[in-house]
Participant: 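Dropping a structure here in structure tokens format, bear with me for questions.
Chain letters run A, B, ... following the sequence lines, proteins first, then strands; residues in each count from 1.
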Protein chains: 2
Amino acid sequence: MSLRYALLGLLSQEAGSGYQLARRFEGGMGRYAWHAQQSQIYPEVNRLAADGLVSVVDEGPRHRRTYAITPAGREQLRRWLTDPDDTPIVRNEQILRLFLLPCLDREDARAVLRHQAAASLRELEALHATVGEVGSGTGGGPVPVDLLVAELGLRYFQHLHEWSLWALEQLDG
Amino acid sequence: MSLRYALLGLLSQEAGSGYQLARRFEGGMGRYAWHAQQSQIYPEVNRLAADGLVSVVDEGPRHRRTYAITPAGREQLRRWLTDPDDTPIVRNEQILRLFLLPCLDREDARAVLRHQAAASLRELEALHATVGEVGSGTGGGPVPVDLLVAELGLRYFQHLHEWSLWALEQLDG
DNA sequence: ATTTACATGTAAGACGTTACATGATTCT
DNA sequence: AGAATCATGTAACGTCTTACATGTAAAT
């Protein structure tokens, strides 16, 4: 069901086509929250439309249909977000690899850690660039929630990066 | 394919039955790396046995079969762990919720954050208890890789907890 | 004796991946 | 004209969830 709410969430922030949704999944959403393929998005957004949770608000060139969230969709989204469901499902291939580091000898573990340190640094820098854009669009008003969420991503990759370096030090020492 | 390697990894650290594997998934592995159900584990461990990557090393009471990783299994596991595959898949319902916080009004966002702060603190404390056990089993020798991985979990929930508190402050201020 | 925990499994349906199919518009 | 990008979709196959079925051994 999560894909549903991921899509509703994106559309609640800004209307868009299936294609645009797929592009937005390549950003932060798909990178560290919930991954989805294009071929999964199109059928799901159609189901959302059939269920009245989104509606077509524009038809453009190349058969493009722009969807927007409906009041019913907004209500369902709110219910899901505020419903305190513990035991949330986690599937993270990257963390799984790190979690299984004890299966390797020290030399292999070192190599994986070096690779991880470089990868998390790259992600961190890419996010820094994206967040720069978000931040520049705000005046001196109240803190936009977007910035809080961007900060969560930054901290995540920073903590991963710092742990990788620390773990390498422990192995080398 | 990740479930395969999660199981191979657990069995490479210690032989065990399907039931024991399911129990071990309830710990750190399933909580913040890769989730799996009991009904998924039994068929997969049988497939691993059919493929010669694990083998039955003991049969106990109540039809219990204890599996151990084979050399072929160890080799496949090593290859997967050291193969630098970027674009790893992430599906994290908890992070998705946080990522969609901008869809809520401030009052609802605050409630979700308060809930999140409490949940991550609970996880942190639970992990602290588990790590205490792991740490007590080691003499003064070289740093066991298990401890590095435990530290990763601790840092993850700590950073989540700290971010939740920080985000609440930003909203309140 | 009854309950709890151990132990393994299957079947139906939902969800997700890979690969392919099709065509429109813009850019060079 | 040709290439790149925009745009939507389907079919086959693999993975995961939910719910059920079955029985054994230990604990109270």
Side-chain angles (χ1 to χ4, degrees), chain A residues 1-8 10-11 15-27 29-31 33-51 54-67 80 85-93 96, chain B residues 1-8 10-11 15-27 29-31 33-51 54-67 80 85-93 96:
Chain A
M1 290 272 77
S2 295
L3 173 59
R4 263 201 146 207
Y5 297 108
L7 290 169
L8 278 178
L10 288 177
L11 290 177
S17 65
Y19 188 83
Q20 288 171 331
L21 286 167
R23 294 293 134 262
R24 284 162 84 184
F25 261 88
E26 287 170 9
M29 172 73 86
R31 191 119 79 246
W34 199 269
H35 167 87
Q37 309 269 90
Q38 205 183 36
S39 65
Q40 219 186 330
I41 292 169
Y42 282 106
E44 187 63 42
V45 85
N46 279 329
R47 274 191 288 272
L48 284 168
D51 294 348
V54 305
S55 63
V56 177
V57 291
D58 188 40
E59 310 216 11
R62 303 182 230 197
H63 308 132
R64 172 206 208 130
R65 264 161 290 144
T66 301
Y67 295 91
W80 186 76
D85 163 26
D86 291 309
T87 66
I89 288 165
V90 174
R91 284 202 177 91
N92 189 324
E93 220 175 277
L96 176 59
Chain B
M1 289 270 79
S2 295
L3 173 60
R4 268 204 142 204
Y5 297 108
L7 291 170
L8 277 178
L10 288 177
L11 290 178
S17 65
Y19 188 81
Q20 288 170 330
L21 286 167
R23 294 292 135 265
R24 284 162 85 185
F25 261 88
E26 288 171 8
M29 171 74 86
R31 193 121 76 247
W34 199 269
H35 167 87
Q37 308 270 88
Q38 206 182 36
S39 65
Q40 219 186 330
I41 291 169
Y42 282 107
E44 187 63 41
V45 86
N46 280 330
R47 273 190 289 272
L48 284 169
D51 294 347
V54 305
S55 64
V56 177
V57 291
D58 188 41
E59 310 218 11
R62 302 183 232 194
H63 307 132
R64 171 207 208 130
R65 265 161 291 143
T66 302
Y67 295 91
W80 187 77
D85 164 26
D86 291 310
T87 65
I89 288 165
V90 173
R91 282 203 180 89
N92 189 322
E93 219 175 278
L96 176 59

Participant: Would you say the side-chain atoms of A/Q20 pair up with the backbone N or O of A/S17, donor to acceptor, closer than 3.5 Å?
Facilitator: yes
Participant: With DNA chain C as reference, determine whether A/Q38 or A/H63 sits nearer its 5' end, using the nearest nucleotide of each.
Facilitator: A/Q38
Participant: Compare the minimum distances between each of C/dT17, D/dA7, D/dT17 and the side chain of A/R62, then state the nucleotide with the smallest one.
Facilitator: D/dA7
Participant: When all nucleic acid strands are considered with a 4.0 Å heavy-atom cut-off, which category describes A/I89: base, sugar-phosphate, or nothing?
Facilitator: sugar-phosphate
Participant: Look at the side-chain N and O atoms of B/Q40 and state whether any lies under 4.0 Å from the OP1 or OP2 oxygen of D/dT17.
Facilitator: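 Yes.
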Participant: Mind listing the closest non-hydrogen atom pair of B/P88 and A/E93 along with its distance?
Facilitator: CB-CB, 3.9 Å
Participant: In this structure, how many angstroms lie between the P atom of D/dT18 and the CE atom of A/M1, rounded?
Facilitator: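 It works out to 11 Å between those atoms.
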Participant: Between C/dC6 atom C1' and B/I41 atom CD1, what is the distance in whole Å?
Facilitator: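 Atom CD1 in B/I41 sits about 15 Å away from atom C1' in C/dC6.
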Participant: Answer yes or no: does a side-chain N or O of A/R47 lie under 4.0 Å from OP1 or OP2 of C/dC15?
Facilitator: no
Participant: Working to the nearest 0.5 angstrom, can you tell me the gap between B/E44 CD and B/L21 CG?
Facilitator: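 Atom-to-atom, B/E44:CD and B/L21:CG are 11.0 Å apart.
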Participant: For D/dT17, does OP1 or OP2 lie under 4.0 Å from any side-chain N or O of B/H35?
Facilitator: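 For B/H35, the contact criterion (side-chain N or O under 4.0 Å from OP1 or OP2 of D/dT17) is met.
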Participant: Does B/R91 make a side-chain N or O approach to OP1 or OP2 of C/dT17 shorter than 4.0 Å?
Facilitator: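 So the side-chain polar atoms of B/R91 do come within 4.0 Å of the phosphate oxygens OP1 or OP2 of C/dT17, strictly under.
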Participant: Starting at atom CG of A/L3, determine the distance to atom C1' of C/dT17, rounded to an integer number of angstrom.
Facilitator: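 For the pair A/L3 CG and C/dT17 C1', the rounded distance is 13 Å.
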Participant: What is the distance, to the nearest angstrom, from the CG atom on A/L7 to the C1' atom on D/dT8?
Facilitator: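 Taking CG of A/L7 and C1' of D/dT8, I get 15 Å after rounding.
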Participant: Side chain of B/P61 only, heavy atoms from C-beta on: which candidate in D/dT8, D/dG9, D/dA25 is closest?
Facilitator: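 Between D/dT8, D/dG9, D/dA25, the one nearest the side chain of B/P61 would be D/dA25.
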Participant: So, is A/Y42 close to the D/dT8 phosphate, meaning a side-chain N or O under 4.0 Å from OP1 or OP2?
Facilitator: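 For A/Y42, the contact criterion (side-chain N or O under 4.0 Å from OP1 or OP2 of D/dT8) is met.
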Participant: Check if the side chain of A/S39 and the base of C/dT18 share a donor-acceptor pair of N or O atoms closer than 3.5 Å.
Facilitator: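 It does, because a donor-acceptor pair links the side chain of A/S39 to the base of C/dT18 below 3.5 Å.
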Participant: Given C/dA5, D/dT10, C/dT17, which nucleotide is nearest the side-chain atoms of B/Y19?
Facilitator: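 Of all the options, the side chain of B/Y19 is nearest to C/dA5.
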Participant: Can you tell me how far P of C/dT8 sits from CZ of B/R64, to the nearest Å?
Facilitator: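 Taking CZ of B/R64 and P of C/dT8, I get 7 Å after rounding.
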Participant: So, OP1 or OP2 of D/dC16: does either fall under 4.0 Å of a side-chain N or O from B/Q37?
Facilitator: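 No, outside the criterion.
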Participant: So which nucleotide from D/dT18, D/dG9, C/dG9 ends up closest to the side chain of A/N46?
Facilitator: D/dG9
Participant: Can you check the B/W34 CH2 to C/dG16 P distance for me, whole Å?
Facilitator: 12 Å
Participant: Once you round it to whole Å, what is the distance between C1' of D/dA7 and CG of A/L21?
Facilitator: 12 Å
Participant: Measure from CD on B/E44 to P on D/dT17 and round the result to the nearest Å.
Facilitator: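 Distance, rounded to whole Å: 13 Å.
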